[in-house]
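Comments concern the structure below.
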Amino acid sequence: MAEPKENLQMEKIVSLCKRRGFVFQSSEIYGGLNGFWDYGPLGAELKRNVKELWWHAMTRQRDDVAGLEATIIMSPKIWEASGHVATFSDPMIDCKTCKGRFRADQTDEIACPQKPSKCVNECHGEKTEARAFNLMFQTYVGPTATAADIAYLRPETAQAIFAQFKNVLETSRQKVPFGIAQVGKAFRNEVTPRNFTFRSREFEQMELEFFIKPDEVIEAIHGSVATVPETGHPGEPQPNWGWQAWHHYWVEERVRFYEGIGLSRETLGFHHQTPAELAHYARACTDILFKFPFSKKDAAGNVIGDELEGIAARSDFDLSQHQRFSGKPMGVFDDELRAAWAKLPKEKQDDLWKRYYDHRKNYLTKSAKPDETPEQISQQATNDANGLAKGQYIPHVIEPSAGVDRLILALIANAYSEVTETDDKGKSETRVTMKFHPRVAPIKVAVLPLMKNKPEIVQKAEAVRALLRPWMNVFYDEAGSIGRRYARQDEAGTPFCVTIDFDTLGEKPELLDTVTLRYRDDGKQERLKISELLDFLLSKTR
Ligand code: ATP
């Protein structure tokens, strides 16, 4: 049977990744470890560029976001408060015959069309009932390795942000609305790692928790909550934005980010989670999808895409949970609210008080510990709503949460382009060009002396490399014909090649100290002065 086209495409991508040093199987010499991947020389550069661009866009280019770098292992209480110990699990099923292990919620991908309830692992054996399997990797802290020493490798970076919320608030001099950003490793013992790096067991996340005022607080201060158009970027943030406007803003900001690194809107898709899909505390969640070669199609034949990033409006759930579990206050004090509240008419105060009370009661009821009584819950909700008059509230949060590895895979799939050419003798050759956006490209420029046995040319080329190197990743290559060297750089995704030749040395005096600049995507060449090279390359690669 012929291989489906999309699988062939993935095979080509996986093979290029290994051949050119983007991604290797972890522990390959020992047969590999399922769900773990290493990034080779080109992959490591690509990944670093992506993380730095994210960090730059999310923190340094904004006044309202501060950074954090927390530990991977944290107090296990964090994962009790977040709900991960109790509920971070996938339903797992086993095949009784072949012992294959699958996720019950992904049976459409694994079930045999003839015998849907049977294992597809060729044997068509009977399957067990689904059982919950917690995805957190467990370890022990300290030498005794007793139950009291159990700790977890973090399954997401977000929780550290909530746990350190107060410290960041106090040291960064930020005020709500503001965000805390973090990039780092996360670990999930996925039942079925698959689709190359898409679902790995060790991966990296880039997460922002953007803390906002509850809508009741906005209404108290500004009279009403602003609405923004449902499509398009809503523009600069406004003080009277509520959670919907902020959520919409972050979806659009994130799409802009993807467009800025070469993923056009056409390559992306969106999934707006339905009420049934949403966590009980979440108000909305929009997943940004990328159309991978393995992504499924809808009934009309359009590729749907798979999740790159989720942008969730998580209400005040996370900070509230940590407040309850740690006993430490997670709320903020807002002078503007206190002053505005005092001036509100009594009916407005009552209306806002009641809405805030209902929200808090709803949260407290749904998250109640077994020993909490309805009276205690009502009392706590009353205290919380009374806090408004004193200028106190627990911030709500919008969470854009992206996976680095999925984005790398999307960038690689998006960049992959091949041309097959047949020569006069009928011999055909397929040439691959990785059309990375220059901002993410692992190598920004290759410096190529036309000949390696002409010392003046080599010296000049080395001087050009020395000029560019402090600013960007430069690759110096003097081996092989110039055509082969260009082809090697095309495959690595290097957007620009610079060739130093006899004209650079002044063979044609008017071309003294100029180089040939070659563009990867169309092979066009032009002469550029060495003195203009750095500015040109910086303008294209940043
Ligand atoms: P999925 O439904 O695909 O398992 P998720 O909804 O559980 O993903 P989140 O918990 O929202 O994912 O994590 C945020 C981001 O982290 C995801 O959008 C994805 O980019 C990344 N991510 C999550 N799990 C993995 C994984 N196993 N391998 C690689 N990246 C992951």
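Each ligand, and each atom within it, is numbered from 1 in the order the structure gives.
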So for ligand 1, is [X] a polar contact partner (N or O within less than 3.5 Å, distance only)?
X: Leu308; value: yes
X: Thr197; value: no
X: Glu207; value: no
X: Ala402; value: no
X: Asp405; value: no

Write out the residue and atom name of the closest protein heavy atom to [atom], then the distance separating them to 0.1 Å.
atom: atom 4 (O) of ligand 1; answer: Arg199 NH1, 2.7 Å
atom: atom 21 (C) of ligand 1; answer: Gly403 CA, 3.7 Å
atom: atom 7 (O) of ligand 1; answer: Arg188 NH1, 3.1 Å
atom: atom 14 (C) of ligand 1; answer: Ser401 OG, 3.0 Å
atom: atom 17 (C) of ligand 1; answer: Glu307 OE2, 3.4 Å
atom: atom 19 (C) of ligand 1; answer: Arg406 NH1, 3.5 Å
atom: atom 29 (C) of ligand 1; answer: Phe198 O, 3.1 Å

Arg406 side-chain N/O to Phe198 backbone N/O, donor-acceptor pair under 3.5 Å: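 Pair found, side chain donor or acceptor close to backbone of Phe198.
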Any donor-acceptor pair under 3.5 Å from Arg201 side chain to Glu190 backbone: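 Such a contact is found between Arg201 side chain and Glu190 backbone.
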Would one find more than 12 heavy atoms of other residues, nucleotides or ligands at under 6.0 Å from atom [atom1] of [X]?
X: Asp521; atom1: CG; answer: yes
X: Lys185; atom1: NZ; answer: yes
X: Lys51; atom1: NZ; answer: yes

Check: Glu45/Asn49 side-chain N/O donor and acceptor closer than 3.5 Å: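 No donor-acceptor contact under 3.5 Å links the two side chains.
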Residues His271 and Glu277: side-chain donor-acceptor under 3.5 angstrom: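 Side-chain D/A pair, His271 to Glu277: present.
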Residue selection (non-hydrogen contact nearest atom 25 (C) of ligand 1) among Phe203, Phe187, Phe290: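 Nearest heavy atom to atom 25 (C) of ligand 1 lies in Phe203.
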Shortest reach to atom 13 (O) of ligand 1 by a heavy atom, considering only Glu204, Glu156, Glu309, Gln205: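 It is Gln205 whose heavy atom sits nearest to atom 13 (O) of ligand 1.
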Distance in Å, Arg439 CZ paired with Lys540 NZ, rounded so as to fall on 0.5 Å steps: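 Result: 11.0 Å between the selected atoms.
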Distance under 6.0 Å and angle within 45° of ring axis: Arg254 vs Tyr258: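 That pair qualifies as a cation-pi contact.
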Aromatic ring proximity Phe211/His396, centre distance under 6.0 Å: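 That pair fails the under 6.0 Å test.
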Subset of ligand 1 atoms that lie under 4.0 Å from at least one heavy atom of Ser200: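 Within the 4.0 Å cut-off of Ser200, ligand 1 contributes 26 (C), 27 (N), 28 (N), 29 (C).
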